[in-house]
Chemist: 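There's a structure below that I have some questions on.
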Amino acid sequence: MAEISPPLPARAYRPGHRLRTLLVTANVLLGVLLGALVLWVLSSSRQNHEERARATADSMAAMGGANVGSELGLVDAVLRMTINDLQRSGLGAGSRDQEVQDLLAARHRLLPGAEGFRLTDDSGAVRWGNLVGHANIPNVADRDFFRQARESTADGPVIASPVVSRVSGNWVVSISRPLVREGRFEGVLYATIRVDHFAQLFQRYDLGSRDTITLRMRDLRFVAWLSPGNAAQVPMGSTQVSRELRESLAANPSAGVFTAVSPIDGLERTVAYREVEGWPFIVLAGLNNEKFFEPLAMQARMLSLMAACMWLLSCAAAFAIYRVGRRELGAVRALEAQSRRTQILLRVAGDGIHIIDRQGHLVEMSDSFAQMHRSQREALLGRHVSSWDVNQDAAAIGAWLGRIRDGDRQRVEVQHRLADGHVIDVDLHWHAVDIDGQLLVFGSARDITDRKRLLHSLEESAARVRDLYDHAPCGYFSLDAEGCLVHVNATLQQWLGSAAVESHSRFSDLLQGESRRRFHDHFIELTLQERAPEIEIELAPPGAPRRVVRINATAVRDGRGDFLMSRTVAVDVTAQHEALQQVRGLLHDQSAMLNSDLVGMVKLASRTVIWKNTAMERMLGYGPGELEGADVRSLYARGEDYRHVEESAALRLGRGQNFRTDVRLQHRNGEAIWVDLSGVRLSDHETFWMAVDISAAKQAHEQITHVAFHDALTQLPNRLLLLDRLRQALAAAQRAGHDVAVCFADLDGFKAVNDDLGHEAGDQLLVELARRIAGSIRASDTAARLGGDEFVLVLTPVAGEEWRAVLDRLMQAVCQPVQLPASDVPVRVGMSIGVALSQGRLDAQELLAEADEAMLQAKRSGKHRVQLAAAVQALS
Ligand SMILES: Nc1nc2c(ncn2[C@@H]2O[C@H](COP(=O)(O)OP(=O)(O)OP(=O)(O)O)[C@@H](O)[C@H]2O)c(=O)[nH]1
């Protein structure tokens with residue numbers, strides 16, 4: 001698998017983004033620059049405007065001050081000149097009124113701005129001036145200017161605050177001088193100027209609407225103002241002024257410029273003030289900033305608009321550049337992306353893509369091509385086709401390259417020799433393309449070596465399947481919707497008799513009788529349903545064996561569900577049928593066997609009867625079905641027999657062996673029944689048992705055994721049984737470490753009984769004495785009759801001398817009189833006994849002989865006594 005180089009990071013190379021950033025940044029900078037420029041220009045312009053406003057206001061204030069000053073100066077000059085004239089001419093008090101009146105009138109004419117020009121006497125009565133002839137001569141003694149002038153010692157005019165004229169009713173400002181002659185106060189000459197006159201003075205200036213020129217007293221009391229277009233009224237004498245004016249006046253009482261909002265009308269103005277030189281007045285010129293800076297605002301708007309237009313134009317230009325640039329960049333990027341896609345395609349392409357030039361040299365390839373050749377791209381680049389083409393040499397390849405033309409294409413299977421020498425099969429598509437006058441062959445090669453091998457393998461498999469199909473032990477065939485053969489394998493052909501099978505034969509025509517009818521129904525059902533039930537039919541073609549076949553069919557349908565054909569498997573079940581017949585016969589035989597009268601059979605599961613035959617029921621005395629479910633333990637005569645069988649059988653059956661034993665079962669009436677019992681294991685849970693009643697045989701055997709081992713007269717054990725028991729006792733005694741006493745007894749005087757009373761009486765006596773002997777011993781002891789009047793007792797176990805007590809008791813029993821039928825008087829016999837003790841010995845015959853010898857010794861010693869064997873005595 002070729003390693004694919006990772007894709008470039010998404011933001012690693014984005015020329016469109018960079019251009020956009022550049023243009024946006026440039027426009028932002030341009031916007032900032034234009035803004036700064038506009039601000040700078042406006043700031044400079046505002047500064048100029050402010051300077052101009054201040055200069056204009058200052059000029060107007062200066063001009064106003066000069067005008068007011070010159071007006072007042074003119075009035076004062078006329079007043080002074082008139083006073084001088086009055087002092088010199090002696091006019092005035094005591095003079096003719098007309099002369100004074102004329103003088104004043106003449107001088108009044110010099111003062112067009114003065115409303116009144118009058119002279120008072122020393123009492124304040126207005127005696128001369130333009131009020132002469134007035135009905136009521138006013139007195140101004142209460143006026144400030146009169147009092148100040150009368151008291152004034154300085155050679156200067158007296159200016160009084162505006163007052164309402166008592167003559168005209170107008171607000172006026174009065175300028176006065178005292179008339180003093182020869183040190184005596186004779187009156188006050190005064191001129192009154194209407195405050196409106198000052199406003200008229202200011203009208204000669206080109207004031208804009210909302211501009212103001214104001215005249216105030218030095219103490220800021222309002223006198224007059226001119227403010228075109230301003231309807232605000234200012235109370236006469238009002239000192240309501242801005243804070244800035246007070247501060248500026250405090251800093252410089254004579255002149256100043258500042259900007260302030262007027263407390264009168266609330267408008268912002270550039271205000272300049274000037275002191276009226278020589279007079280207690282200040283003139284304030286206020287330029288309405290809004291009005292004055294209107295051109296500046298206009299300029300600002302224009303500049304801003306121009307700057308905005310420039311900026312928008314710049315943005316539009318930038319956007320156009322961006323659009324064009326992006327289109328170009330998009331094209332470049334599309335080309336790059338195409339190139340990268342092609343490169344990646346070559347890296348990841350599954351097929352071996354490669355390009356060769358007209359000379360047959362490899363000029364480009366995908367990684368998979370190099371991998372297919374088990375080589376590296378660098379090693380293969382420039383190689384000639386002939387270096388790997390197995391089927392053509394360089395000359396043939398050259399000829400082929402010389403023949404092909406633009407647009408030629410072909411698909412061929414070729415063989416390539418790999419770098420490691422292996423040859424692979426290749427499926428090659430090539431396409432010749434002329435690019436810029438150069439013919440290139442584009443190839444797509446795929447390694448099909450494995451596919452060809454697989455195809456070969458599949459063909460072999462198909463052949464095997466075909467062989468299997470034809471020669472399988474099953475018959476295969478397909479029928480069309482009409483029931484005619486479409487496919488049939490060789491096996492079925494053989495079954496049908498090859499001659500009978502023709503193309504499109506109707507299959508049912510090859511059948512007879514019941515088979516034909518059954519198949520017909522089966523096929524109808526198959527055409528209607530997906531499957532049809534299995535059926536068995538008989539094939540009986542002429543010249544071929546009859547056979548029974550079981551057929552299983554599936555319907556094949558088209559996309560609409562219409563029946564196309566059947567797919568049928570036929571299995572030859574002839575042998576099964578025959579086997580079934582045999583099995584049925586066997587089952588019949590088996591049934592007969594299982595129901596035998598002689599052999600009882602049961603099947604057990606978990607020790608419970610789950611099946612039994614009649615013989616078993618009869619053997620155990622149960623009625624039909626009564627044994628079903630019975631616990632098997634209840635069928636045994638003795639519990640130990642059941643346990644013995646259970647343990648022994650479990651061991652053998654568990655090893656897969658059969659188990660057989662003779663055991664006593666219990667008849668329902670309580671009698672024990674000897675049976676020959678054998679069992680086999682059927683499964684983990686089930687066992688099968690057969691029982692043959694052997695009670696009769698067992699009884700006969702027991703009788704035979706009893707006769708063989710017992711004395712026929714007394715029924716005591718005979719010599720054979722005695723020896724057997726003696727040997728067992730000796731072996732046990734040796735293991736246990738105790739003694740066995742072997743006592744040989746012979747009756748004393750028995751012969752006389754026979755002789756006197758007859759042999760039969762002798763037998764009766766022997767029977768009685770045998771009974772007494774058997775009753776004198778323990779269960780572990782044995783009393784046997786050897787023959788005649790000889791008895792042997794085996795006492796085991798014995799310890800010490802305890803055998804003596806047993807024998808004493810025995811002798812007492814034996815010597816008791818016996819009443820025999822043949823005698824009127826009881827018969828008495830004695831008994832001589834020889835005793836041998838085992839003392840660890842095991843030889844029974846030796847001990848018996850030793851006891852016999854001791855018995856003889858007892859006889860010899862006078863009879864009816866017990867004699868211990870000499871060997872025992874010696875050992876003791
Ligand atoms: N009735 C009868 N007698 C028998 C039988 N077998 C042997 N005898 C007799 O028993 C007698 C035994 O003989 P003895 O042992 O010599 O007789 P005894 O009189 O006891 O003599 P001692 O042993 O010397 O005391 C013989 O006469 C036998 O014929 C038998 O089965 N029945």
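Just so you know, ligand 1 is whichever comes first in the structure, and atom 1 is the first atom listed for that ligand.
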Chemist: I need the atoms of ligand 1 closer than 4.0 Å to a non-hydrogen atom of Asp789, numbered in the order shown.
Modeler: 15 (O), 20 (O)

Chemist: Hey, are Glu850 and Arg841 close enough for a salt bridge, meaning a charged N less than 4.0 Å from a carboxylate O?
Modeler: yes

Chemist: Just to verify, which of Lys603, Glu617, Met619 counts as forming a side-chain contact (heavy atoms from CB on, under 4.5 Å) with Lys612?
Modeler: Glu617

Chemist: Using a 4.0 Å cut-off to any heavy atom of Asp746, which atoms of ligand 1 qualify?
Modeler: 23 (O)

Chemist: Only one of Thr782, Leu786, Leu726 clears side-chain contact (heavy atoms from CB on, under 4.5 Å) with Val792; which?
Modeler: Leu786

Chemist: Please determine if Gly749 has a nitrogen or oxygen closer than 3.5 Å to a nitrogen or oxygen of ligand 1.
Modeler: yes

Chemist: Provide the number and element of each atom of ligand 1 under 4.0 Å from a heavy atom of Gly762.
Modeler: 1 (N)

Chemist: Between Ser606 and Thr608, is any side-chain donor less than 3.5 angstrom from a side-chain acceptor?
Modeler: no

Chemist: Can you find a side-chain donor-acceptor pair between His522 and Glu534 that sits under 3.5 Å?
Modeler: no

Chemist: Does Asp763, backbone or side chain, put an N or O under 3.5 Å from an N or O of ligand 1?
Modeler: yes

Chemist: Nearest protein heavy atom to atom 31 (O) of ligand 1, by residue and atom, and its distance?
Modeler: Arg785 NH2, 3.3 Å

Chemist: Within the 4.0 Å heavy-atom shell around Gly788, which atoms of ligand 1 are there?
Modeler: 6 (N), 7 (C)

Chemist: Just jot down the ligand 1 atoms closer than 4.0 angstrom to any heavy atom of Asp748, in number order.
Modeler: 25 (O)

Chemist: Can you tell me which residue and heavy atom of the protein come closest to atom 25 (O) of ligand 1, and the distance to 0.1 Å?
Modeler: Lys863 NZ, 2.8 Å

Chemist: Note the single closest protein heavy atom to atom 4 (C) of ligand 1, along with its residue, its atom name and the distance in Å.
Modeler: Asn754 ND2, 3.0 Å

Chemist: If the cut-off is 4.0 Å to any non-hydrogen atom of Leu747, which atoms of ligand 1 fall inside it?
Modeler: 20 (O), 23 (O), 25 (O)

Chemist: Go through the structure and list residues passing side-chain hydrogen bond (donor to acceptor under 3.5 Å, both in side chains) with Arg518, not counting sequence neighbours.
Modeler: none

Chemist: List the closest protein heavy-atom neighbour of atom 14 (P) of ligand 1: residue, atom name, distance to the nearest 0.1 Å.
Modeler: Lys751 CB, 4.1 Å

Chemist: Any N or O of Phe750 that comes nearer than 3.5 Å to an N or O of ligand 1?
Modeler: yes

Chemist: Exactly one of Lys859, Arg860, Arg865 should register a salt bridge (charged side-chain N to carboxylate O under 4.0 Å, His left out) with Asp746. Which one does?
Modeler: Lys859

Chemist: Classify the side-chain pair Asp711/Thr714 by whether it contains a donor and acceptor separated by less than 3.5 Å.
Modeler: yes

Chemist: Under 4.0 Å from ligand 1, counting heavy atoms only, is it the side chain of Arg860, its backbone, both or neither?
Modeler: neither

Chemist: Does any N or O atom in His759 lie less than 3.5 angstrom from one in ligand 1, N or O only?
Modeler: yes

Chemist: Would you say the side-chain atoms of Asp724 and Gln728 include a donor-acceptor pair closer than 3.5 Å?
Modeler: yes

Chemist: Do the rings of Phe688 and Trp611 sit parallel, tilted or perpendicular, given the 30° and 60° boundaries?
Modeler: parallel

Chemist: Using a strict cut-off of 4.0 Å, indicate which atoms of ligand 1 neighbour a heavy atom of Lys859.
Modeler: 22 (P), 23 (O), 25 (O)

